[in-house]
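First the structure, in the form of structure tokens, and then the observations on it.
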Amino acid sequence: MGNCCSDVDGGMAAVGGTAASAASATSNQDEAVDHFLKKTGFHGGYSQIELSFSASDLRDRDVFSKSDPMLVIYTKGKDGTLTEAGRTEVVLNSLNPTWITKHTITYHFETVQTMLFHIFDVDTEFHNIDVKMLQLDEQQFLGEASCTLSEHIVTKSNRSLTLDLMHRGSNTSAHLWHHGKLTVHAEEHVSSKTTIEMILRCSDLESKDLLSEGDPFLVISELVESGDQVPVCKTEVIKNDLKPTWKPIFLNIQQVGSKENPLVIECFNFNSSGKHDLIGKAEKSLAELEKIHARREGENLYLPTVVGHSLQNKF
């Protein structure tokens with residue numbers, strides 16, 4: 001047996017926004033769930049809920065850098081058994097990660113659905129391995145949290161919940177220690193088969209590196225009702241280029257709510273330390289981006305300042 005490895009350096013690969021992820025989003029998932037539940041005799045109310053995750057103040061288990069956290073999601077059965085439901089990507093060198101990978105779950109009204117979340121620090125030697133292939137007993141455990149969908153997340157006005165991460169001092173210790181917080185945000189998963197393909201490029205970016213021209217990448221987030229940014233996808237990192245053109249991005253409408261919903265497009269310079277430099281940002285909906293494309297124009301990126309926006313660069 002060999003390892004399933006990537007030829008992309010750790011943290012530099014695209015997350016979400018690929019043709020494969022868009023195809024998955026446009027699959028007949030809702031229809032399949034509806035058919036399965038009716039076939040098994042369930043006639044109660046339910047909906048598809050998409051969960052996104054971030055954490056803060058995680059334990060630092062690395063000596064010369066910060067932890068490289070990955071979140072593992074479990075569902076808890078009526079008999080108490082845990083079933084792994086999904087894993088996020090690994091965020092390099094961060095004690096305050098925001099993961100891009102989402103998890104979609106069928107929420108049953110008036111039914112107690114318990115979820116458990118474990119966070120692991122993934123060792124450097126495993127960074128180029130698909131997260132699905134990682135052996136969890138080879139990673140360092142950072143903490144866990146649990147909640148129920150109905151009581152804790154879906155019924156809250158902002159559909160966000162912050163949980164204390166707990167960690168047992170030792171296998172035999174009965175005392176639980178607090179080690180950071182996990183925030184879970186829920187959005188209703190609206191079915192859509194419309195997918196938008198975008199090719200984004202920048203020109204005249206500001207160099208943030210001393211010995212090279214910079215290694216830029218983009219993060220696209222949606223603005224939710226609470227005003228928070230929820231990441232949707234991240235492009236690959238292009239090394240040593242101030243006029244980058246990234247691989248095509250595929251976004252399904254259900255990932256961003258609608259073509260009119262505002263998106264935040266941020267351009268960063270990649271640093272292996274995890275402290276990526278913000279080069280500039282723009283706020284545009286898919287509808288506005290389509291108009292910019294039709295006019296053969298670009299859009300200035302800006303850096304937020306105390307007195308206003310500092311315009312520079314263009315995408």
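As the structure is a computational prediction, the values presented were derived from the model and not from experiment.
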Query raised in the report: Under the ring pair (Phe, Tyr, Trp, His ring centres under 6.0 Å) test, which residues partner H179, sequence neighbours left out?
Result: H167
Query - Side-chain touch F217/I238, heavy atoms, less than 4.5 angstrom - result: no
Report task. State yes or no: do I253 and V230 share one hydrophobic cluster built from I, L, V, M, F, W and Y residues joined by side-chain heavy-atom distances below 4.5 Å, directly or via other members? Result -> no
Query - L136 and F120, any side-chain heavy atoms less than 4.5 Å apart - result: yes
Query raised in the report: Same hydrophobic cluster for I249 and V264, using side-chain heavy-atom links shorter than 4.5 Å among ILVMFWY?
Result: no
Query raised in the report: Would you call K284 and E299 a salt bridge, taking side-chain N to carboxylate O under 4.0 Å as the test?
Result: yes
Query - Salt bridge flag under 4.0 Å for residues D57 and K181 - result: no
Query raised in the report: Could E89 and K234 be called an ion pair, given the rule that one side-chain N must be under 4.0 Å from one carboxylate O?
Result: no
Report task. Starting from the C-alpha separation in whole Å, work towards a yes-or-no answer on side-chain contact (heavy atoms from CB on, under 4.5 Å) for R59 and D121. Result -> CA-CA 9 Å; R59 289 200 303 162; D121 175 21; over 6 Å; no
Query raised in the report: Side chain of T88, backbone of L71: donor and acceptor closer than 3.5 Å?
Result: yes
Query - 4.5 Å side-chain heavy-atom contact, P262 and S285 - result: no
Report summary line: Sorted by chain and number, sequence neighbours left out, side chain to side chain contact (heavy atoms under 4.5 Å, CB included) with K243 holds for D204, D241
Report task. Just do the side-chain hydrogen bond (donor to acceptor under 3.5 Å, both in side chains) check on D215 and N240 with the steps written out, would you? Result -> CA-CA 5 Å; D215 309 313; N240 199 32; over 6 Å; no
Query raised in the report: Without hydrogens or angle criteria, can the side chains of H127 and D68 be said to hold a donor-acceptor pair below 3.5 Å?
Result: yes
**Report entry** Any donor-acceptor N/O pair, S94 side chain to N96 backbone, under 3.5 Å
**Finding:** yes
Query raised in the report: Is the ring centre of H185 less than 6.0 Å from the ring centre of F53?
Result: no
Query raised in the report: Taking atom types as modelled and ignoring hydrogens, do the side chains of S65 and N93 form a donor-acceptor contact shorter than 3.5 angstrom?
Result: yes
Query raised in the report: Between E236 and K247, is there a donor-acceptor pair closer than 3.5 Å when you use the side chain of the first and the backbone of the second?
Result: yes
Query - Non-neighbouring partners of R87 that pass salt bridge (Lys or Arg N to Asp or Glu O under 4.0 Å), sequence neighbours left out - result: E84
Report task. With sequence neighbours excluded, tell me which residues meet salt bridge (Lys or Arg N to Asp or Glu O under 4.0 Å) with E283. Result -> none
Report task. Check whether any side-chain heavy atom of T75 sits under 4.5 Å from a side-chain heavy atom of L82, and report yes or no. Result -> no
Report task. Would you kindly confirm whether L286 and L223 end up in one hydrophobic cluster when ILVMFWY residues are joined by side chain heavy atoms under 4.5 Å apart? Result -> no
Query raised in the report: Excluding sequence neighbours, so at least two apart, what forms side chain to side chain donor-acceptor pair (under 3.5 Å) with D137?
Result: none
Query - Contacts of K102 that satisfy salt bridge (Lys or Arg N to Asp or Glu O under 4.0 Å) - sequence neighbours left out - result: none
Report task. State, yes or no, whether a side-chain contact exists between V256 and S258 at a heavy-atom distance under 4.5 Å. Result -> no
Query raised in the report: Do W246 and M198 belong together in a cluster built from hydrophobic side chains that touch within less than 4.5 Å?
Result: yes
Query raised in the report: With distance as the sole criterion, is a donor-acceptor pair present between the side chains of T183 and T162 under 3.5 Å?
Result: yes
Requested in this report: Establish, from distance only, whether the side-chain atoms of T148 and Q113 form a donor-acceptor pair under 3.5 Å.
Outcome: no
Query - Same apolar cluster (I L V M F W Y, side chains within < 4.5 Å links), V224/I100 - result: no
Requested in this report: Say whether, by atom type as modelled, one donor and one acceptor occur between the side chain of E144 and the main chain of L116 under 3.5 angstrom.
Outcome: no
Report summary line: When rounded to the nearest 0.5 Å, the distance separating CH2 of W99 from OG of S52 is 11.5 Å
Query raised in the report: Within the side chain of N271, is there an N or O that forms a donor-acceptor pair under 3.5 Å with the backbone of S273?
Result: no
Query raised in the report: Is there a side-chain contact between V90 and P69 (heavy atoms, below 4.5 Å)?
Result: no
